[in-house]
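The structure appears below as structure tokens.
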2 protein chains.
Amino acid sequence: MKVTIDDVARRAGVSKTTVSRILNGNYGQTTEETRNRILDVIKEMDYSPNIVAKSLKSMRTNVIGIVLSNLKNPYWMTVLEGVEDTCRDLGYNLMICNSDEQPEMEMQYIKEFQMRQVDGIVINPTVRNMELYAKLASDNYPFVVINRKVPGLSAHHVVVDNVKGAELAVNHLVRAGRKKVAVFVYRNPHVSTWAERVEGYRSAMLENGFAPGDLLICEVEQGTGATTEAVIRFLRQQPDVEAIFSTNNMMTLDIIKGIKELRLRIPDDIAIIGYDETVWAQHLDPPLTTVMQPAYEMGRISAKMLIKRINAKRQQKPETVVLEPQLIVRASCGAAGRV
Amino acid sequence: MKVTIDDVARRAGVSKTTVSRILNGNYGQTTEETRNRILDVIKEMDYSPNIVAKSLKSMRTNVIGIVLSNLKNPYWMTVLEGVEDTCRDLGYNLMICNSDEQPEMEMQYIKEFQMRQVDGIVINPTVRNMELYAKLASDNYPFVVINRKVPGLSAHHVVVDNVKGAELAVNHLVRAGRKKVAVFVYRNPHVSTWAERVEGYRSAMLENGFAPGDLLICEVEQGTGATTEAVIRFLRQQPDVEAIFSTNNMMTLDIIKGIKELRLRIPDDIAIIGYDETVWAQHLDPPLTTVMQPAYEMGRISAKMLIKRINAKRQQKPETVVLEPQLIVRASCGAAGRV
DNA sequence: TTGAAAGCGCTAACAG
DNA sequence: CTGTTAGCGCTTTCAA
């Protein structure tokens, strides 16, 4: 049925070793004549090698896996694009899965990837499989953690400076003259990103001369509707809030919805800065100021780092790359012109 | 180094055949006692099977591939989610790649997937590798075409009714009292979706009593900025246009941008309906009426169909599933209340 | 109820 | 310059 390297060898009247050599570019030692003959036969028989067999023999698949935790946020699409582009450039193929923020799923997928002998894994961790991450590290298995920091884990990380991102946002709001600045954040004790953004909010506020008592931190459940209701409730209780710093792009949309339902004007009555640049941010009314995270870069760098690690002769020290967020100023923060 | 089935067998004092049987659930014929012993050893040695070896032997990988053509549009994220969920449910893993709308990339990726022995492929085709698609079909290779129709190709398809989608939009606009209705579309002769949406526009307009001369079809190059400029130019030439039907979600954002630059009010001066429901549509100002395509469903159905095809004993006739679009009415079309 | 042996398609050490 | 040979880790017939 399917044509194998044996078929080619037989037809070309050589051994499969020779064919294999041609296939893999080791024809420094082969006659031009036999090479051409083999190439002809390959074309003629429409032969293509079985990479599964090759992988079994060579003990490497040239596949990496990526474990995402959320396929609903376009942010991840951009990360994925960076990873995919890098795989293409470096001759790897990509397996993808989605833990959906569930630790059990995450564990299962990681084990599956390993059984499939992927050469390494990029992972946005749920941060609830600490023993597993530690085991990967101590087994010296190639993997790179992205987006979220796993505390105490000695492994490659590619993250964005969330404290800095929050500070950019809060400083900008304060300098634009806003006194009462609130932060909205999803409730999730495991995830470093959100804690860090709140921390950045806190430090920037204090830095700007506010007292701890001035901090307005609103935690909401992740899930549809909850945020909009929370904003409405919050702003009714604290009608003098002048600015909101939103720590998530989806959350931002819900917050704006709540603000509009209250018939408040942005930015006149209340300013808002969102986290994560999106395709739609500039098209909102008013255009939304955002903290842009270099998502594509994160994808590229993590994949590159992983593949470098895979091909490293001797093991390296875990490296942490911290990417810089950037404030994209538009009208929603009320200071578009006067930064 | 790595523990294999042989190691387990040796340690448990049985043959690897027996271990293999346990692993694969064929222990109808095995003593409870030996089974437990083997299970213990497996746990003790932390053994996990090498799926590459298993795949080589069993001639199937339990992996499917998906070839996307664009990783920038969130629409595909939703499709991907459907595919991924289905893979999880059905015990498959997923490989992903992005042709980036380039036929050569598409061809290379498909061949790579085949060399990797993926059991089947879901593909959003560039529609410019006709010979390749035909060959896959005649080789009886399992694959499912999604989103775009490949003319003359006898293969499984999962598509959305684009003519219908356009008709929904245009009918709605006309019934809301708009006379001069224009359609905007990307220039790409290969892709059926866009041609069909224009066709739906045409048929709906004629159906509603307009003459062929009343049709206003504006083709624009796909690429940043081009659309916004095109809209501005177009509306300056035809200031009496009362409605625009946009055939793509990204395009819609650019069109709205152009309209706003001209200081026209939506929907008072000009109504707009966009294609594809998005997370941001309801948050635009005014909220955007869209033609919703069941993207998640497309992902689920195509993956299910593919896997069914993979496991079919005897070959089936190519099946085409046509999904129904749905109009989501919001304020931008100027008839939110009075449908 | 269990095991021996063959072999999936490929690579590479070694020999000629 | 080319071929022989021995596996990679697993499944599966066939025999015991």
Side-chain angles (χ1 to χ4, degrees), chain A residues 1-39 41-42 45-63 91 93 111-119, chain B residues 1-39 41-42 45-63 111-119:
Chain A
M1 180 81 216
K2 216 153 188 200
V3 25
T4 74
I5 198 173
D6 275 296
D7 302 327
V8 173
R10 208 171 307 127
R11 177 91 81 106
V14 296
S15 78
K16 51 184 181 168
T17 310
T18 309
V19 179
S20 173
R21 286 197 183 107
I22 302 298
L23 251 28
N24 296 295
N26 304 339
Y27 40 77
Q29 27 187 341
T30 312
T31 312
E32 178 121 347
E33 201 253 302
T34 46
R35 174 151 51 108
N36 285 334
R37 181 151 37 95
I38 292 171
L39 255 17
V41 173
I42 286 175
M45 302 182 80
D46 192 26
Y47 165 73
S48 72
N50 180 330
I51 302 190
V52 171
K54 175 173 180 156
S55 296
L56 177 58
K57 177 66 194 178
S58 63
M59 303 296 234
R60 53 158 38 247
T61 52
N62 275 282
V63 171
N93 279 19
K111 291 192 172 164
E112 253 170 51
F113 277 174
Q114 291 193 291
M115 293 195 295
R116 289 203 178 279
Q117 314 298 117
V118 304
D119 293 336
Chain B
M1 180 81 216
K2 216 152 188 198
V3 26
T4 76
I5 198 173
D6 274 294
D7 301 326
V8 174
R10 207 168 309 126
R11 178 90 82 108
V14 296
S15 78
K16 52 183 180 172
T17 312
T18 308
V19 179
S20 174
R21 286 198 183 105
I22 302 299
L23 250 28
N24 295 295
N26 304 338
Y27 40 77
Q29 28 188 341
T30 312
T31 312
E32 176 120 29
E33 201 254 300
T34 46
R35 172 150 52 109
N36 286 333
R37 181 153 37 95
I38 292 171
L39 256 17
V41 172
I42 286 175
M45 302 183 80
D46 193 25
Y47 166 73
S48 72
N50 180 329
I51 301 190
V52 171
K54 176 174 181 156
S55 296
L56 176 60
K57 178 67 195 179
S58 64
M59 303 295 234
R60 56 167 22 255
T61 52
N62 274 282
V63 171
K111 291 192 171 165
E112 251 170 52
F113 277 174
Q114 290 195 291
M115 293 194 296
R116 288 203 180 280
Q117 313 300 116
V118 304
D119 293 336

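No hydrogens, no waters, no symmetry mates; every other heavy atom, side chains included, goes into these values. Order of the sequence lines sets the chain letters (A, B, ...), proteins ahead of strands, with each chain counted from 1.
Protein atom CZ of A:Arg60 is 16 Å distant from nucleotide atom C1' of C:dC10, rounded to whole Å. Whole-Å rounding puts the B:Asp6 CG to D:dC10 C1' distance at 9 Å. Here the C1' atom of nucleotide C:dC10 and the CD atom of A:Gln117 are 16 Å apart, to the nearest Å. Taking atom CD1 of B:Ile22 as the reference point, atom C1' of D:dT12 lies 15 Å away to the nearest angstrom. In this structure, A:Asn24 places its CG atom 17 Å from P of C:dG9, rounding to the nearest Å. Counting to the nearest Å, the C1' atom of D:dT2 and the CD1 atom of A:Ile38 are 10 Å from each other. Between the CD1 atom of B:Ile5 and the P atom of D:dT11 there is a distance of 5 Å, given to the nearest Å. The distance from atom CE of B:Met59 to atom P of C:dC10 is 10 Å, rounded to the nearest whole Å.
Distances from the side chain of B:Tyr47 to the nucleotides D:dC10, C:dG3, C:dC10 place D:dC10 closest. Of all nucleotides listed (C:dC14, D:dT11, C:dT11), C:dT11 comes nearest to the side chain of A:Lys16.
Atom CD1 of B:Ile22 sits about 4.5 Å away from atom CD1 of B:Ile38, to the nearest 0.5 Å. To the nearest 0.5 Å, the span separating CZ on A:Arg21 from CZ on A:Arg35 amounts to 13.5 Å.
At a threshold of 4.0 angstrom between heavy atoms, the contacts of B:Ser55 with the nucleic acid are absent. Within the nucleic acid shown, B:Val52 has no heavy atom closer than 4.0 Å to any nucleic acid atom.
Minimum heavy-atom separation, B:Lys16 to B:Asp6: CD-OD1, 3.4 Å.
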Chi angles and distances behind the side chain to side chain contact (heavy atoms under 4.5 Å, CB included) call for B:Val14, B:Arg37: CA-CA 10 Å; B:Val14 296; B:Arg37 181 153 37 95; 4.0 Å; yes
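For C:dT2, the base has no donor-acceptor partner in the side chain of B:Thr31 [N/O atoms by modelled type, under 3.5 angstrom].
When the side-chain nitrogen and oxygen atoms of A:Lys54 are compared with OP1 and OP2 of C:dG9, none of them lie within a distance under 4.0 Å. Listed pair B:Thr18 / C:dG3 meets the phosphate criterion, a side-chain N or O lying under 4.0 Å from OP1 or OP2. Between A:Thr17 and D:dT4 there is no side-chain N or O to OP1 or OP2 distance below 4.0 Å. Residue A:Ser15 places none of its side-chain N or O atoms closer than 4.0 Å to OP1 or OP2 of D:dT2.
Judged by distance alone, with hydrogens and angles left aside, the side-chain atoms of A:Arg116 form a donor-acceptor pair with the main-chain N or O of B:Thr61 at under 3.5 Å.
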